[in-house]
Amino acid sequence: ICGIALQMTLLDASESPVNTFYLWVAISIGAGGCVLLAHLAVRRYARQHRRVGIVADAFFDSVDAEQARQVPTSADDIYDTLVTAKSAVDERLNAAQIISEFNHQISTQTNWKKVLDCLHEALTLLAHDFDKSVVFRFGEKDSSHTRLDREMERPVKQRLRLSESEEAALYRCENGQIVNLAEVSSALAQCQPNFAGPNCAVYSLSGQGGSYGFIFVCVDGVDDAATAIHSALSSLAKLTGVALSRCEREANLYRQANFDSLTGLPNRVLLEDRTNQALRLAKRYRHRIGLMFIDLDGFKRINDSLGHSAGDKLLQGVADRLKTCIRESDTVARLGGDEFIILVSEISDSEQSTLVLGGIAKTIQNAVARPFELNGKFVRVTPSVAVAISSKKANSYETLLQAADTAMYTAKSNGEGTIRFFQKDMSTTILERMSLETELALAIDKNQLSIEYQPQVELASGKMVGVEGLLRWNHPT
């Protein structure tokens, strides 16, 4: 109605003021009707929203109450099975992560002690709910036993000796096999005072070089302990065995390159390295070092008469006695044959070095001169000792070794069992002799030698009674 009136008044608004008045009345009525309709629409929307909010609040309150209410489940409930499966998967993932980290740590490791430290750490993380221990042997007569109880923050290490039968019984066990420690080894059972019981799962640390030890995990008082971490412990044992095989191989290569195979003493290569280190330290702290050259007198006679096996035993006995004559900081090395070198480091000054090295030389002679029993017979050898002391000129391994060799030449020329210190004039004498021998050999090739005959006359009668021949050397100088 307002719209029709508005249209009619718009057509006649220009004709009279009355029509203009009615136009404004129509506009006011139309605006009021629009406001009234808008107000009614807003009230209706608010009423609907309030009804929906009440229903939503009631729904969420009922959901919270339902979640808070505990629903009883049976043993074969599917949700309980899913939770158990998820826990098992989490444990396997955690074990796989531990094994992966362990493999990464030992993949390039050549030190067996560090491999064992990594093994102890992995065992602590992997089997934290179990009592466990590691029995290990790497190139030693006695085994090293490490106990890792649940309550311990650090592993406890101790020495342990297993008999051959006890080791053989453990070697025959498969990984994860349950054994009674009291039945296998009483000494091993006594090393586990805090274990829950004697029954343990055993895992062998086997590699290419054989078995290096065992991992024991106590399974008494723990449900399904044999299968809970069996796979992870088997992998841990195999990886450890492979790493120890690599360590043993590297140790053998190092031993072959730096030690004498017969006596076990350092060889020429390792001796040179240690001598250079001692010389650097002596230069820094203003010390001196001494190189003692030892040669056995009459060794060839014993070697030829009793055989090479007896000679090898003699060299081994001499090496053992030489090691008792020095300090722990010194080095005994074998150059080859019946020649030995002793490196004496950290000597204060020249006068004291002569006294110290002279006393060591006397001790060596007394120790080596005692009879050796070889193949049921007693033999005796005497050592000749030559000594060279470092100085400003003699400050390298080659120089010291040459000086000791020169002093040994002089000692041998003076008889058996002689001690000689290197002196500067020794080199001059030896060089002159070497030069003379070389020139004499060339003189023969160059026909510089001739024989001159000289008569022998009897003074009383004046008669010639003989002739002596003289060899003349026509030297060009």
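Heads up: numbering here begins at 1 and tracks the sequence. All heavy atoms count here, side chains included; hydrogens, waters and symmetry mates do not.
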Does Glu272 have any side chain to side chain contact (heavy atoms under 4.5 Å, CB included) partners at least two apart in sequence or in another chain, and if so, which?
Asn276, Tyr397, Glu398

For Arg472, side chain to side chain contact (heavy atoms under 4.5 Å, CB included) partners two or more places apart
Ser450, Glu452

Could you give all pairs that pass the side chain to side chain donor-acceptor pair (under 3.5 Å) test and reach residues 372-389, with sequence neighbours left out?
Asp297-Thr382, Asp297-Ser384

Does anything in residues 305-320 pair up under side chain to side chain donor-acceptor pair (under 3.5 Å), and if so which pairs, sequence neighbours excluded?
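Listed once each, the pairs are Asn303-His308.
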
Residues two or more places apart in sequence or in another chain: which of them pass side chain to side chain donor-acceptor pair (under 3.5 Å) with [X]?
{"X": "Arg255", "value": "Asn252"}
{"X": "Thr399", "value": "Ser396"}
{"X": "Thr324", "value": "none"}

Minimum-distance pair of heavy atoms, taken over all atoms of [X] and [Y]:
{"X": "Ala243", "Y": "Ile106", "value": "CB-CD1, 3.7 Å"}
{"X": "Phe378", "Y": "Pro371", "value": "CD2-CB, 4.3 Å"}
{"X": "Thr263", "Y": "Ala319", "value": "CB-CB, 3.9 Å"}
{"X": "Thr418", "Y": "Arg420", "value": "CG2-NH1, 3.3 Å"}
{"X": "Ala404", "Y": "Ala388", "value": "N-CB, 3.7 Å"}
{"X": "Arg321", "Y": "Ala367", "value": "NH1-O, 2.9 Å"}

Set of salt bridge (charged side-chain N to carboxylate O under 4.0 Å, His left out) partners for [X], sequence neighbours left out:
{"X": "Asp304", "result": "Lys300"}
{"X": "Arg334", "result": "Asp260"}
{"X": "Arg327", "result": "Asp330"}

Residues forming a ring pair (Phe, Tyr, Trp, His ring centres under 6.0 Å) with Phe214, sequence neighbours excluded
Tyr171

Is atom [atom1] of [X] surrounded by more than 12 heavy atoms (other residues, nucleotides or ligands) closer than 6.0 Å?
{"X": "Lys412", "atom1": "NZ", "result": "yes"}
{"X": "Glu439", "atom1": "CD", "result": "yes"}
{"X": "Glu174", "atom1": "CD", "result": "no"}

With Val344, the side chain to side chain contact (heavy atoms under 4.5 Å, CB included) member among Val387, Thr331, Leu357:
Leu357

Would a distance-only check, ignoring hydrogens and angles, find a side-chain to backbone donor-acceptor pair under 3.5 Å from [X] to [Y]?
{"X": "Gln109", "Y": "Lys114", "answer": "no"}
{"X": "Asp405", "Y": "Leu401", "answer": "no"}
{"X": "Ser100", "Y": "Ala96", "answer": "no"}
{"X": "Asn267", "Y": "Leu270", "answer": "yes"}
{"X": "Gln177", "Y": "Ala201", "answer": "no"}
{"X": "Asn414", "Y": "Thr410", "answer": "yes"}

Would you list the pairs meeting ring pair (Phe, Tyr, Trp, His ring centres under 6.0 Å) in which at least one residue belongs to residues 446-477, sequence neighbours left out?
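Only Trp473-His475 qualify under ring pair (Phe, Tyr, Trp, His ring centres under 6.0 Å).
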
Please determine whether side-chain contact (heavy atoms from CB on, under 4.5 Å) holds for the pair Ile364 and Met292, giving the CA-CA distance in whole Å, both sets of side-chain angles, and the decisive distance to 0.1 Å.
CA-CA 10 Å; Ile364 290 172; Met292 307 180 68; 4.1 Å; yes

Set out, in order, the CA-CA distance, both residues' side-chain angles and the distance that settles side chain to side chain donor-acceptor pair (under 3.5 Å) for Glu248 and Ser245, then state yes or no.
CA-CA 5 Å; Glu248 185 177 35; Ser245 296; 5.4 Å; no

Carefully, step by step, assess Ile289 and Ile347 under the rule side-chain contact (heavy atoms from CB on, under 4.5 Å).
CA-CA 6 Å; Ile289 70 169; Ile347 306 174; 5.8 Å; no

